[in-house]
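Everything on this sheet refers to the single structure shown next.
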2 protein chains.
Amino acid sequence: MAHEAHQELVQEVKAKMPQADTLFELADFFKVFGDSTRIRIMCALFERELSVCCIADIVGMEQSTVSHQLRVLRQENLVKVRRDGKQSYYSLEDEHIQKIFEMGLEHILE
Amino acid sequence: MAHEAHQELVQEVKAKMPQADTLFELADFFKVFGDSTRIRIMCALFERELSVCCIADIVGMEQSTVSHQLRVLRQENLVKVRRDGKQSYYSLEDEHIQKIFEMGLEHILE
DNA sequence: GTAACATATGAATATTCGCTCATATGTTCA
DNA sequence: TGAACATATGAGCGAATATTCATATGTTAC
């Protein structure tokens with residue numbers, strides 16, 4: 001390809017892409033899905049809201065680990081918390097999560 | 001919650017969850033989306049197939065970096081390659097990718 | 001053949017990230 | 001108030017990972 005044509009193509013594609021900031025945010029968002037502990041936590045929450053210690057038992061990890069990961073999920077607005085007495089009940093923030101999940105499953109099951 | 005009720009709930013949720021293996025695979029799949037360089041590469045490929053050096057120019061990174069990341073994308077069956085003379089042209093493997101992308105965007109733009 | 005270009009890959013490095021331990025904070029009940 | 005329980009958080013460690021440099025491999029044109 002000629003040098004000018006190359007540059008032109010590069011500029012054309014760059015122009016059509018979303019802003020760099022948005023793509024960095026998007027990467028951070030998907031990063032959250034890229035850990036098996038967090039995936040399993042989210043998956044458990046598909047069924048119903050759960051307390052921290054229940055989640056820990058379900059995924060078979062320390063309460064502390066789960067608590068740390070729930071914080072990550074909270075920061076990306078993927079889960080919400082509800083305090084009830086001594087316990088914190090976590091649930092999913094919205095239904096995008098389940099759809100993204102399903103689409104991922106479709107891909108790997110091909 | 002009583003101890004037996006807790007255990008019962010844990011078992012019930014665990015039973016409804018997909019197999020652990022599947023969830024580990026799923027995490028590996030999403031891990032690929034969790035890096036801004038790879039996200040930008042995929043995003044560039046939404047427009048059209050591109051050679052490695054074009055991609056490198058578009059995302060503003062070394063040819064070597066892009067080549068390494070394209071290998072990661074290949075390993076997860078997210079892109080395919082076509083050799084044409086000296087150049088390798090990469091394109092997206094299927095349309096799930098774009099849908100996952102869009103859903104991620106919807107979430108962060110809320 | 002060799003030169004020039006495009007891509008792939010191995011090694012080294014720096015950074016990120018998940019997990020665990022110890023402990024702090026928050027809540028209930030006696 | 002203090003004991004018991006649930007959750008959150010900070011520090012430290014080890015593993016994973018993204019990038020770069022140097023170089024190998026592959027391809028074309030002369």
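- Residues meeting the side chain to side chain donor-acceptor pair (under 3.5 Å) test with D28(A), sequence neighbours left out: K31(A).
- The base of dA6(D) has none of its N or O atoms less than 3.5 Å from a complementary donor or acceptor on the side chain of Q63(A).
- Residue S88(A) places at least one side-chain N or O closer than 4.0 Å to OP1 or OP2 of dA8(D).
- Residues satisfying the salt bridge (charged side-chain N to carboxylate O under 4.0 Å, His left out) test with R71(B), not counting sequence neighbours, are none.
- dT7(C) atom P lies 9 Å from atom CD1 of I55(B), rounded to whole Å.
- The separation between E62(B) atom CD and dT9(C) atom P is 17 Å, rounded to whole Å.
- Panel note: side chain R83(A), backbone K86(A); a donor-acceptor pair is recorded below 3.5 Å.
- Rounded to whole Å, the distance from CD on Q87(A) to P on dT7(D) is 5 Å.
- Under the side chain to side chain donor-acceptor pair (under 3.5 Å) criterion, R82(A) pairs with E49(A), sequence neighbours left out.
- Using modelled atom types, one side-chain atom of R40(B) and one backbone atom of V59(B) make a donor-acceptor pair closer than 3.5 Å.
- At distances below 3.5 Å, not a single donor-acceptor pair connects side-chain atoms of K80(B) with backbone N or O atoms of Y90(B).
- Rounded to an integer number of Å, the gap from E49(B) CD to dT7(C) P is 12 Å.
- Using a 4.0 Å cut-off on heavy atoms, the residues of residues 65-82 of chain B that approach DNA chain D are T65(B), H68(B), Q69(B), listed by number.
- Proximity of residues 28-41 of chain A to DNA chain C (heavy atom under 4.0 angstrom from any strand atom) is restricted to K31(A), D35(A), T37(A), R38(A).
- Side-chain N or O atoms of R74(A) include none that pairs as donor or acceptor with a backbone N or O of V79(A) at under 3.5 Å.
- Put simply, the side chain of S64(A) and the base of dC19(C) share no donor and acceptor less than 3.5 Å apart.
- A straight line from CG of L50(B) to C1' of dA6(C) spans 15 Å, rounded to a whole angstrom.
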Contacts under 3.5 Å, N or O only, protein and nucleotides 27-29 of chain D:
none

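- Note on Y90(B): a side-chain N or O is less than 4.0 Å away from OP1 or OP2 of dA8(C).
- Note on E12(A) versus K16(A): salt bridge recorded, some NZ/NE/NH1/NH2 to OD/OE distance being below 4.0 Å.
- Remark: F29(B) CZ to F30(A) CZ distance equals 9.0 Å, nearest 0.5 Å.
- In this structure, K99(A) contributes its side chain and M103(B) its backbone to no donor-acceptor pair below 3.5 Å.
- Judged by distance alone, the side chains of H107(A) and N77(B) never bring a donor and an acceptor atom under 3.5 Å apart.
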